[in-house]
Amino acid sequence: MATVIVVTSGKGGVGKTTTSASFATGLALAGHKTVVIDFDVGLRNLDLIMGCERRVVYDIANVIHEDANLSQALIKDKRIDNLFILAASQTRDKDILTKEAVGKIITELAETHEYIVCDSPAGIERGALMAMYYANHAIIVTNPEVSSVRDSDRILGLLQSKTKAAETGQTLKEHIVITRYSNKRVNSGDMLGITDIQDLLGIELLGVVPESQSVLTASNSGSPVILDERSDAGKEYEAMVQRFLGNLPPYGTEKKKSIIARLFSKQTEEV
């Protein structure tokens with residue numbers, strides 16, 4: 001059974017599509033056959049960040065209207081063998097996204113892929129609701145600002161009431177990703193701190209992406225920032241994927257463990 005992950009947010013412009021692209025890329029790099037779907041019908045930006053905008057022949061609307069089958073619409077990433085992209089339509093209405101149509105696509109993809117990453121549009125309109133409906137994991141992307149965190153809290157409410165998991169009593173695992181984080185601005189009182197955000201939302205923190213020019217540079221070049229091994233943002237997305245897969249401890253525990261280890265080592269030396 002494939003794992004379905006929705007990457008969502010209350011506000012636009014918080015780095016949701018950047019996160020979708022890097023997270024899907026990281027899963028594929030880890031050896032997992034992964035597909036990332038753009039649910040932002042009418043706009044479509046995922047293909048730009050993935051660098052495949054010139055290769056879009058068929059999109060999700062063509063699949064729903066049976067103008068093309070799913071294998072025709074999937075775009076294989078040129079850099080990573082296990083990664084595929086399903087683009088959104090720029091010309092169709094969001095009403096094409098129904099539970100039945102999306103469910104059929106998810107079911108077919110689940111037969112051949114281990115992970116399905118759903119890149120949701122911001123907000124609470126149809127595209128966002130359909131992107132989250134079949135998910136069993138949710139990554140909520142937020143900036144360290146009061147308005148962004150408040151909107152993320154509203155998204156949590158939708159995840160807990162408007163998804164198939166909620167309707168059937170199944171577990172939907174929720175994770176928070178903080179983007180555009182700056183210690184300097186937190187210390188000056190211009191941003192919320194990590195602990196403040198965790199206290200407000202009360203869900204597991206998957207990672208904190210620092211404010212970085214490399215994110216914009218990567219997006220403009222059509223390459224997910226996770227592929228930039230010199231970038232702090234790229235390194236953090238890689239760490240996020242490893243935490244998600246269980247290969248790294250939860251965020252914030254790495255340092256704590258190292259401190260405990262040093263204290264234990266010191267006590268041993270004294271004895």
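Only heavy atoms go into these numbers, but all of them, side chains included; no hydrogens, no water, no symmetry mates. Since we're looking at a predicted model, the values are computed, not measured.
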Decide if atom CD of Glu167 counts as having more than 12 heavy atoms of other residues, nucleotides or ligands within a radius under 6.0 Å.
yes

Leu227 vs Leu29 side-chain heavy atoms within contact, under 4.5 Å
yes

Is Val102 reachable from Ile5 through a run of hydrophobic residues whose side-chain heavy atoms are each under 4.5 Å from the next?
no

4.5 Å side-chain heavy-atom contact, His113 and Leu74
yes

Drop me the distance from Thr34's OG1 to Ile80's CD1, to the nearest 0.5 angstrom.
9.0 Å

Please give me the minimum heavy-atom distance between Gly15 and Tyr237, naming the atom from each residue.
O-OH, 4.2 Å

Over all heavy atoms of both residues, which pair between Gly127 and Leu97 is shortest? Give the atoms and the distance, please.
CA-CD1, 3.8 Å

Side chain proximity check, Phe39 to Val6, heavy atoms < 4.5 angstrom
no

Indicate whether any N or O donor in one side chain lies under 3.5 Å from an N or O acceptor in the other, for Asp228 and Ser214.
no

Interatomic distance, Ser182 atom OG to Met191 atom CE [nearest 0.5 angstrom]:
5.5 Å

With distance as the sole test, does Asp77 use its side chain to make a donor-acceptor pair with the main-chain N or O of Arg79 at under 3.5 Å?
yes

Whether Arg243 side chain and Leu248 backbone form a donor-acceptor pair below 3.5 Å:
no

Mark yes or no for whether Ser20, through its side chain, and Thr18, through its backbone, hold a donor-acceptor pair below 3.5 Å.
no

Nearest heavy-atom approach of Ala24 to Val36 is CB-CB, 3.8 Å

Group every Ile, Leu, Val, Met, Phe, Trp and Tyr by side-chain heavy-atom contacts under 4.5 Å, then state whether Ile226 and Phe23 land in the same group.
yes

Using atom types as modelled and distance alone, determine if a side-chain donor or acceptor of Asp196 lies under 3.5 Å from a backbone N or O of Leu192.
no

With side-chain contact (heavy atoms from CB on, under 4.5 Å) as the test, would you mind laying out the steps for Val208 and Ile194 before giving the verdict?
CA-CA 8 Å; Val208 178; Ile194 294 172; 3.8 Å; yes

Is there a side-chain contact (heavy atoms from CB on, under 4.5 Å) between Ile176 and Thr142 once you walk through the steps?
CA-CA 7 Å; Ile176 189 79; Thr142 188; 3.7 Å; yes

Between His32 (side chain only) and Ala28 (backbone N and O only), is there a donor and an acceptor less than 3.5 Å apart?
no

Presence of salt bridge, Lys11 and Glu145, under 4.0 angstrom:
no

Ignoring hydrogens and geometry, is there a side-chain-to-backbone donor-acceptor pair from Asp47 to Cys52 under 3.5 Å?
no

N/O donor-acceptor pair under 3.5 Å between Asp59 side chain and Asn62 backbone:
yes

Search all heavy atoms of Gly207 against all heavy atoms of Met240 and return the closest pair with its distance.
CA-CG, 3.8 Å

Work out which heavy atom in Met50 is nearest to a heavy atom in Thr25; give both atom names and the distance.
CE-OG1, 3.9 Å

Do Lys99 and Lys164 come within less than 4.5 Å of each other through their side chains, counting heavy atoms only?
no

Spatial distance of atom CG (Leu172) from atom CG (Leu159) [nearest 0.5 Å]:
6.0 Å

Any salt bridge (Lys or Arg N to Asp or Glu O under 4.0 Å) involving residues 22-39? Give me the pairs, sequence neighbours left out, ordered by first then second residue.
none

Please check this pair: side chain of Glu236 against backbone of Ala233, looking for a donor-acceptor N/O pair closer than 3.5 Å.
no

Would you say the side chain of Pro121 lies within less than 4.5 Å of the side chain of Leu43, judging by non-hydrogen atoms?
no

Do other residues, nucleotides or ligands put more than 12 heavy atoms under 6.0 Å from Lys104 NZ?
no

Should the heavy atoms of other residues, nucleotides or ligands under 6.0 Å from CD of Gln170 be counted, would the total exceed 12?
yes

Would you mind listing every ring-ring contact (aromatic ring centres under 6.0 Å, His included) that reaches into residues 171-208, with sequence neighbours excluded?
His137-His175, His175-Phe244

Please identify each residue that fulfils side-chain hydrogen bond (donor to acceptor under 3.5 Å, both in side chains) with Gln198, with sequence neighbours left out.
none

Examine Ile60 and Leu70 and state if one hydrophobic cluster contains both, with Ile, Leu, Val, Met, Phe, Trp and Tyr joined whenever side-chain heavy atoms are less than 4.5 Å apart.
yes

Should Leu48 and Val215 be counted in the same cluster of Ile, Leu, Val, Met, Phe, Trp and Tyr side chains packed under 4.5 Å apart?
no

Quick one: closest heavy-atom pair of Ile96 and Ile64, and the distance?
O-CD1, 3.7 Å

Starting from Leu216 and following side-chain heavy-atom contacts under 4.5 Å between hydrophobic residues (I, L, V, M, F, W, Y), which residues can be reached?
none

Check this for me: does any side-chain nitrogen of one of Lys173 and Glu204 sit under 4.0 Å from a carboxylate oxygen of the other?
yes

Between Ile75 and Phe84, is there a side-chain heavy-atom distance shorter than 4.5 Å?
no

Give every residue pair that meets the salt bridge (Lys or Arg N to Asp or Glu O under 4.0 Å) criterion with at least one member in residues 111-125, sequence neighbours excluded.
Lys16-Asp119

Are Ile155 and Ile203 in one and the same hydrophobic cluster, where Ile, Leu, Val, Met, Phe, Trp and Tyr link if side-chain heavy atoms are under 4.5 Å apart?
yes

Considering only heavy atoms from C-beta outward, does the side chain of Glu174 approach that of Gln160 to under 4.5 Å?
yes

Ignoring hydrogens and geometry, is there a side-chain-to-backbone donor-acceptor pair from Ser120 to Ala131 under 3.5 Å?
no

Nearest-0.5 Å distance, CG of residue Leu158 to CD1 of residue Ile140
10.5 Å

Could you tell me whether the side chain of Arg180 and the main chain of Asn143 form a donor-acceptor pair under 3.5 Å?
no

Nearest-0.5 Å distance that lies between atom CG in Leu200 and atom CG in Leu156
11.0 Å

Tell me, with the steps shown, if Val117 and Val35 meet side-chain contact (heavy atoms from CB on, under 4.5 Å).
CA-CA 6 Å; Val117 178; Val35 58; over 6 Å; no

First locate atom CD1 of Ile106, then atom CE of Met130, and finally report the distance between them rounded to the nearest 0.5 Å.
11.0 Å

Which residue pairs pass the salt bridge (Lys or Arg N to Asp or Glu O under 4.0 Å) test with at least one member in residues 150-161, sequence neighbours excluded?
none

Do the side chains of Ile37 and Leu109 get nearer than 4.5 Å, heavy atoms only?
yes

